[in-house]
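Single-structure report; data block below.
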Amino acid sequence: MSSRYNHAESEPKWQRAWRESGAFKAQAPDSERPKAYVLEMFPYPSGRIHVGHSRNYTMGDVVSRFKRARGFNVLHPMGWDAFGLPAENAAIDRGVHPGAWTYDNIKQMKSQIEKLGCDYDWDRELATCDPAYYKHQQAMFLRFWKAGLAYRKKQKVNWDPVDNTVLANEQVVDGRGWRSGAIVETRELDQWMFKVTAYAEDLLAALKSLDRWPEKVRLMQTNWIGKSRGATIRWEIVGEAPEGSPQSIEVFTTRPDTLFGASFLALAADHPLTKTIAARRPEVAAFAASCAALGTSEADIEKAEKKGVDLGLRVRHPFDPEWELPVWAANFVLSSYGTGAIFGSPAGDQRDLDFANAYGLAFTPVVLPPGADPTSHSITTEAYTEDGTLYHSRFLDGLSTQAGIARAIEELEKLGSGEATTTWRLRDWGVSRQRYWGCPIPVIHCPSCGIVGVPEDQLPVRLPEDVAFDKPGNPLARHPHWKHVSCPECAADAVRETDTLDTFVDSSWYFARFTDPKNQDAPFDKAVASAWLPVDQYVGGVEHAVLHLLYSRFFTRAMRDVGLLDLADGEPFAALFTQGMVVHETYRSAAGKWLAPEEVDLKDGQAIELETGLPAQTGPLEKMSKSKKNVVDLDRFVKDFGADVVRWFVLSDSPPERDVEWSAAGAEGAWRFVQRVWSLTEAHGPAAGRVGQSPAPGADKGEALALRQAAHRALKAVTEDIEGFRFNRAVARSYELVNAIARAKGDDPGIVAARGEALTILTQIISPFLPHLAEECWEKLGFDRFVATTPWPTPDPDLVREDSVTLPIQVNGKRRGEITVAKGLSEEEVKALALAHGPVVIALKEQTVRKVIVVPDRIVNIVAG
RNA sequence: GCGGACGUGGCGAAACCGGUAGACGCAGCGGACUUAAAAUCCGCUUCUCGCAAGGGAGUGCGGGUUCGAGUCCCGCCGUCCGCACCA
């Protein structure tokens, strides 16, 4: 009599057994076996997790368990990205201490994640808010500073005057602080910067070698780094330059070949020269102010309008001292890119053209499109930005775009009025935050010694516990005594830095700390970390495609260059997989409020609000989020259906990189599968265990052979699917194998043996996905060790091989029949069989066979007419 | 605007290198078991004409290359993502 698989009993039992056996502890990396470092992006402990979060962890776990079974020494750790704003917001809103709130959440989330049954080495757990962690981060900061990789600089920031804090760009909504609603000001503040640009060239070039990263992510990073080659050109000001300003204006361009098409210079509204002139001329000041008001907020709304003001200056053309051009200030020129000034070449740039047309500035086309007629080619409202042949360009006439660029630069360098330059979009990383819940920056400001690093033996600089969040601003700055210290150099009264580090710093090296998480004297032992790194498989969301991944790439290079790490190419993650999200329908009541899935009843596609009985509106599929209430609680689901069902479902149906839609029906399907595997194992497992030892009579023919073949073919396919991150296909293969086992009826020794073998293989191939069920089945099959630590089986080539093939036969490309022949049969024989095949003969009636194409073991196509 | 990805049954999706389109799952329909239901098991399920045998159409749209195209090429349409006045 079969019983139900009892996940509620089984799952905790195996989790305990795994933990107690120490089966998932990573061994020292110098052991015999090859290493596999598998890592999922560690979470911010925001509280409870829902089924959507489980997909990321499950994918990592499948890889990790598979690698272990394949004989690798696996490192699969988990920890907490524990500093950050939400903890401070909780403190402001509810009066809880950020630390207490964070550790409380960690406790809750850990218990939830543990229930998923992942094979984490929990001994390596870390939290970035732990002084034992940030101590090393502070020491590292000081090393970077000494090496010139960290420095201080005045920088423009978004300042919220009500909350007295700096805001990240994402926290500025429509020009206002997201929390206070106050209009955000631009302020110049002293900020600590990390010199990411020192590695710009390498960060870009090395992307090419990251062939196990998604192309999309590499492209996004390439764009973000934004290398562009061109020239810097100095334009001499006609007459006296305004007082205090240099005599020439520097401009960056990627198209020096179009210099003879220049019609004006345009400066950013906050270019130093614009500011100088604005001090004297009100209309320029007014223009600059109107640009500043637009600022970050509505730039995109106003993007179409090109506006400017004539600054009343003139400059000389570098190639012709007689040629004078006007200088304007323009709203489309960015002070933060290049030199904050451009030369306008309207025929070859749409913005320049719009601007020239708006203000009636004359221009000449200088690039002739291929095949265009030089006498009639003209530009009116559409610029020609492609390559072509230069004309109207004196000594550049007749040159291609590329040759023209080279020739123009050569000339500029000869004249001393410019040179080849490379500019980057990438800028240094500002890491100062006026926040409490972050890693304190370990420096002291002394009135006589300047900025002094906190001596290493005094680290960590701990956050004070007794802080109040009753007032806006940084609690560290107004703490009664925390910041008052004596200078480590001269013992004079001094103050601590009260800024803390951007939390992206915390997550830029945690993967290295995991290799040696208990080390008290160093962030990690150099040899140990160097042996484990790079991470062999990193799994996470695309939302981190640029910042987190780029910062980590910077950090591993910096750590290498200050002598902490041996990592030749500096790359932290050898392979990256970006997984899709779990999405769910959203529901809204007639009254317009969001409804959770359990608050509605779905009948014939119409959602009904249970409480009121009124129809509810079904919204689009969206990422599970608390605010839209379209979440399925993990604990509740695990309690009702089990962790294995969650794991199976989130990997079924959709390819891992694409989103998967959560549905109750789909989850039930996964549940049915689990039950089906169990009932088959329960029914046939014990018998299989008894006969499994010696070759059973009859297992090499008929139905028994077919079942054995199905099992070995499934094994081969699933192995390849896991290696290729095609988990949805592995799931489908597993269904097929279960169907095959269920179909094989009978009790003769051959079938019993084949069934036992198939169940054994099935248990092993599902074990990375359904680890608890697999252990239970493994035990039922009579094995006395964990399936989790049992070596992955190898398919028998004789059973995988197909002996005969079914060939479709086409007549003029249309399928007219099929024949089953021995594999490898000669083309002549196949041809003869095909032409004699009944349906083919009928289809060929009254037609002449002109050609017969035989693709061995694939298809036959007869061309007739 | 620029860059990228994608478009296949009622739905999620398979289809290795150009070679039987729709594996597998969900939903649906029919049947078995049951006093009944649930659960479970078995079968059917791209559309269309046909009682059937069998035929026709079919991978967003329009062309092309090929014996043969979901797959390659050209041009459109649509959806999603990233960047966004980057000189």
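Letters A, B, ... are given to chains in the order of the sequence lines, protein chains preceding strands, and every chain is numbered from 1. Predicted model only: the values in this text are computed from it and were never measured.
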Over 60° means perpendicular and under 30° means parallel, so classify the ring planes of [Y] and [X], tilted if in between.
X	Y	value
A:Phe264	A:Phe355	tilted
A:Trp235	A:Phe343	tilted
A:Phe319	A:His317	tilted

Which part of the nucleic acid, if any, lies within contact of [X], taking any heavy atom under 4.0 Å across all strands shown: a base, the sugar-phosphate backbone alone, or nothing?
X	result
A:Ser654	sugar-phosphate
A:Thr806	base
A:Asp349	nothing
A:Gly669	sugar-phosphate
A:Arg427	nothing
A:Asn812	nothing
A:Arg672	sugar-phosphate
A:Val863	sugar-phosphate
A:Leu334	base
A:Val542	nothing

With rounding to whole Å, what would you report as the distance between [N] and [M] at their [atom1] atoms?
N	M	atom1	answer
B:U40	B:U59	P	37 Å
B:U8	B:G70	P	14 Å
B:U65	B:G82	C1'	34 Å
B:A32	B:A37	C1'	15 Å
B:C76	B:G25	C1'	35 Å
B:C83	B:C29	C1'	50 Å
B:U48	B:G10	P	9 Å
B:U79	B:A27	P	31 Å

So, is [X] close to the [N] phosphate, meaning a side-chain N or O under 4.0 Å from OP1 or OP2?
X	N	value
A:Lys814	B:A57	yes
A:Arg425	B:A84	yes
A:Tyr735	B:G25	no

For nucleotides 21-23 of chain B, list the nitrogen or oxygen atoms of the protein found under 3.5 Å from its nitrogen or oxygen atoms, one pair per line.
from	atom 1	to	atom 2	distance (Å)
B:A23	O2'	A:Glu736	OE2	2.5

Does the ring centre of A:Phe649 sit less than 6.0 Å away from the ring centre of A:Trp662? yes
Judged by whether its glycosidic angle lies within 90° of 0, B:G78 is anti
Going by the glycosidic torsion and a 90 degree boundary from 0, is the base of B:C17 oriented syn or anti? syn
Partner nucleotide of B:G7 by Watson-Crick or wobble geometry (both distances under 3.5 Å): B:C77
Do A:Arg743 and A:Glu703 meet the salt-bridge criterion of a basic N to acidic O distance under 4.0 Å? no
In terms of side-chain heavy atoms of A:Lys216, which of B:C42, B:G56, B:C81 is nearest? B:C81
Give, for atom CG of A:Leu773 and atom OH of A:Tyr5, the distance between the pair rounded to the nearest 0.5 Å. 5.0 Å
